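Below, chains carry the letters A, B, ... as their sequence lines are ordered, and counting in each starts from 1. This structure is a prediction, so every number in the text was calculated from the model and none was measured.
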Amino acid sequence: MNAELDILISRYLDGTASSEEIDALEQRIGGDRLVAGEVYQAAYLDALLRDALVPAQASANDLAGDAGPIPLFGRTPAAASQRSFDEKREPDQAYRMRPRFSPLVRWGAIAASLLLAAAIVWRVARVGSNSTPEVAAKQTEKGPSIARIVEGGPGVTVERATGPWASNEPLAVADRVQTATNATAIVAYDTESTRMRLAPNTGIRLISDLPGQGKRWELYSGALSCQVDHQSPDRPLILMTPQAKATVVGTKFDLKATAGWTRLEVTDGTVRMTRLSDNATVYVSAGQYVEVSAPGAAAPQWAAAPAGDNVGAFWSTKIKPAGISE
Amino acid sequence: MEQNEFLKHFLPSQRALWAYLQAATRDVNETDDLLQDVSNVLWEKFDHYDPARPFTAWALGIARLQVLKWRQSKARGKRVLSDDALTALAEAAAHAVEEPDPRPALLNGCIQALQERARKVIEMKYAGGLPIKEIADQLGQQVGAIEMALVRARRALRECVERKMKYA
C-alpha cells in the first residue's frame, strides 16, 4: 500500500479526515476493492490493539489477586456460554417495569437539572504531595465539568501515564486512582453534585470524557458508592467493570467489583446495567440489586447480601433503551 | 442448545464485526453500541441462518443494514460512507476473515518491539483512549506529528505480524 493511502486511511479512522479526504477515500473504495480491504484491515488492527492493550492495563494492578486479562468486548467463549438465553423467549419484563416519560418532559427535566448543576461551585482545598492527595479545596470556574479528588489521604495514589500528577490537578483520561487498604477517597465533578466514594482497596480509571461518549470510568476492583446528579443525555456517567456496564442518568447506588464478580445496588433512581458477555440489559431501580459473575468466579463476601430485590431474572437482550441516551 | 450454537458462531466473528462497524462509524463508542444492536438482531434472526453459509458473511450483511439504519438516525450531520462503499467494506471484511486468527497472539510481541516513542503513542491512543489532539498536547507535539507517528506505528505492527505469520 502506498504511503499516501496509508495516511488517508489513518486519518479517516482516527476521525481527523476532512470531507474532501473522505470523498477521495470513498471514490477509491468504489474504484478498487483492494482499497476497501485495506480500510477494513486497518480497522481490524484497531480492534486487535484495543484487545491487546486495554486488558493489559486493567490487569496490571492485579488488585484482587485473581485478575486475569479482560477480553475485548468483555466476552470470553466460556463466559458467554454460561449465559442463559431464555430472554429470547421471555417477554420484555424489565423494560415494562419502567414508566415512560415523553421526550419533552425528559429533556425539560434534564435541562432544569443542568441549570441547577451549573449553579454549584465546589471549593476544593489543596494539600499534599504529588503522590498523596489530601483534602483539596479550590474554587473552580463554571464550564465543562471535570473530575477531581476532593477527599483523600496518604493511602490514595494517582497513576498518570504521561508523568507525575499534582494533588490539585483535575483527573485526566487514563488516570488511575487507587486507594490502599486503610484509605478512602471521594472523586467529585466540579459543576455538578456527582460524587463517587472509593472504598479501601479500590481502583478506578477514567476511560474517556468527551461529549457524545459520556464520562466513562472503569472500576477494576473494589467498591464505589455513588451519588450522581442528573446527567446530560450526551454525557452520562458510565461505569465499566470486567463483567458489566452501568449507565447512569442521576441516582444513588453502590457498585462493587472484583475481577470475576460485579454487584450493583441502587438506592435511588434507576441504573441501566449491561452484561458485557452477551449485552443483555436490565434496569435496576431503588431497593433492587443485580450481580454479574464470570464462570467459576468465587463469590466475594459482599455477594448476594440479603438487601433489596434481585432483578437478575430480568436480563433481556431485547430491551431497547428508553429514557437513556448513551 | 440453540444458544451454544449461536455463541459458537458469533464469538469468533465479533472482532470482524467490530472492525467493520468501526470502519463505518469511526467512533469507538458508537461501534460498541452498534455491535450490541447487531448481536441482538443476529440472535433474533438466528433461526433463519443457513449453516451451510459462512456465519461471518451473514452477520456482516446484517451489520451493514444496521449501519444504514444508524446513519439515518444518529449520524445526521456526520459524513458517512456511501451505500456502495459500505457494501464494499462488508465484502472485504467477509473475504478477510481467518479462523482461527493467529494475529492476536502475535501482536503483543510486535507492540513490545516498537520503538519507545511509537509504543507510547500507541498506548495513549488505545489503552488511554485519548484523541490525537490530547496526545499531541500531552507530549508537547504537533497534531500532524502524532498522526504520522500513529501511521508509522500501525504500519510497523502490520508488517511485524505478517512477518511472524509467514515464519510461524
- Measure B/L21 against the heavy atoms of chain A and call it side chain, backbone, both or neither at under 4.5 Å. neither

- Message: Taking the basic N atoms (NZ, or NE/NH1/NH2) and the acidic carboxylate oxygens, is any pair closer than 4.0 Å for A/D46 and B/K125?
- Response: no

- Query: Could A/D14 and B/R26 be called an ion pair, given the rule that one side-chain N must be under 4.0 Å from one carboxylate O?
  - Reply: no

- All heavy atoms of B/A19 vs all of A/A43, minimum pair found to be O-CB, 3.2 Å

- Message: Working note: A/R50 + B/V28, criterion side-chain contact (heavy atoms from CB on, under 4.5 Å); need CA distance, chi angles, decisive distance, verdict.
- Response: CA-CA 10 Å; A/R50 258 171 51 107; B/V28 168; 2.8 Å; yes

- OH (A/Y44) and CZ (B/R103) are apart, to the nearest 0.5 Å, by 5.0 Å

- Assert top hit (heavy-atom pairs under 4.5 Å, partner chain A, pool B/T31, B/I111, B/D84, B/T87) equals B/I111

- Between A/S10 and B/R154 the two heavy atoms that sit nearest each other are OG-NH1, 3.1 Å

- Under 4.5 Å to a heavy atom of chain B? For A/R11 that would be side chain

- Message: Does any backbone or side-chain atom of B/A16 lie under 4.5 Å from a heavy atom of chain A? Answer side chain, backbone, both or neither.
- Response: both

- Sort B/L86 into side chain, backbone, both or neither according to what part of it lies under 4.5 angstrom from a heavy atom of chain A. neither

- Message: So for atom CD, which belongs to B/Q115, do other residues, nucleotides or ligands contribute more than 12 heavy atoms lying within a distance under 6.0 Å?
- Response: no

- Item | Contact origin within B/Q22 toward chain A - heavy atom pairs under 4.5 Å | both

- Message: Within this structure, what is the CZ-CD1 distance for the pair B/R155 and A/I7, rounded to the nearest 0.5 Å?
- Response: 11.0 Å

- Please walk me through it: do A/L49 and B/L157 pass side-chain contact (heavy atoms from CB on, under 4.5 Å)? CA-CA 10 Å; A/L49 283 165; B/L157 288 171; 3.7 Å; yes

- Taking every heavy atom of B/P104 against every heavy atom of A/L48, the minimum-distance pair comes out as CG-CD2, 3.6 Å

- By a 4.5 Å heavy-atom criterion (distance strictly below it), what part of B/L81 contacts chain A: side chain, backbone, both, or neither? both

- Message: If we count only N and O atoms by modelled type, under 3.5 Å, do the side chains of B/E147 and A/T16 hold a donor and an acceptor together?
- Response: yes

- Note on the structure: Honestly, the part of B/K8 sitting under 4.5 Å from a heavy atom of chain A is neither

- Considering all heavy atoms of both residues, which atom of A/A47 and which atom of B/W18 are nearest to each other, and what is their separation? CB-CE3, 3.4 Å

- Can you tell me if A/E26 uses its side chain to pair, donor with acceptor, with the backbone of B/S82 under 3.5 Å? yes

- Query: Just how far is it from atom OG1 of A/T274 to atom CD of B/Q36, taken to the nearest 0.5 Å?
  - Reply: 5.0 Å

- Query: Tell me, side chain or backbone of A/L13 under 4.5 Å from chain B's heavy atoms, or both, or neither?
  - Reply: both

- Which atom names give the shortest non-hydrogen contact between A/Y40 and B/Y20, and what distance separates them? CE1-N, 4.0 Å

- Query: Charged N to carboxylate O below 4.0 Å: is that the case for A/E38 and B/R158?
  - Reply: yes

- Message: Donor-acceptor pair, distance only, cut-off 3.5 Å: does the side chain of A/Y12 make one with the backbone of B/A23?
- Response: yes

- Item | Point-to-point distance, once rounded to the nearest 0.5 Å, from CG of A/L53 to CE of B/M124 | 13.0 Å

- With a 4.5 angstrom heavy-atom cut-off, could you sort out which part of A/D23 is near chain B: side chain, backbone, both or neither? both

- Nearest non-hydrogen partners of A/A36 and B/L89, listed with the distance: O-CD2, 3.4 Å

- Can we say A/D6 and B/R152 salt-bridge, meaning some charged N sits less than 4.0 Å from an Asp/Glu carboxylate O? no

- Message: What part of B/L107 gets within 4.5 angstrom of chain A, counting heavy atoms only: side chain, backbone, both, or neither?
- Response: side chain

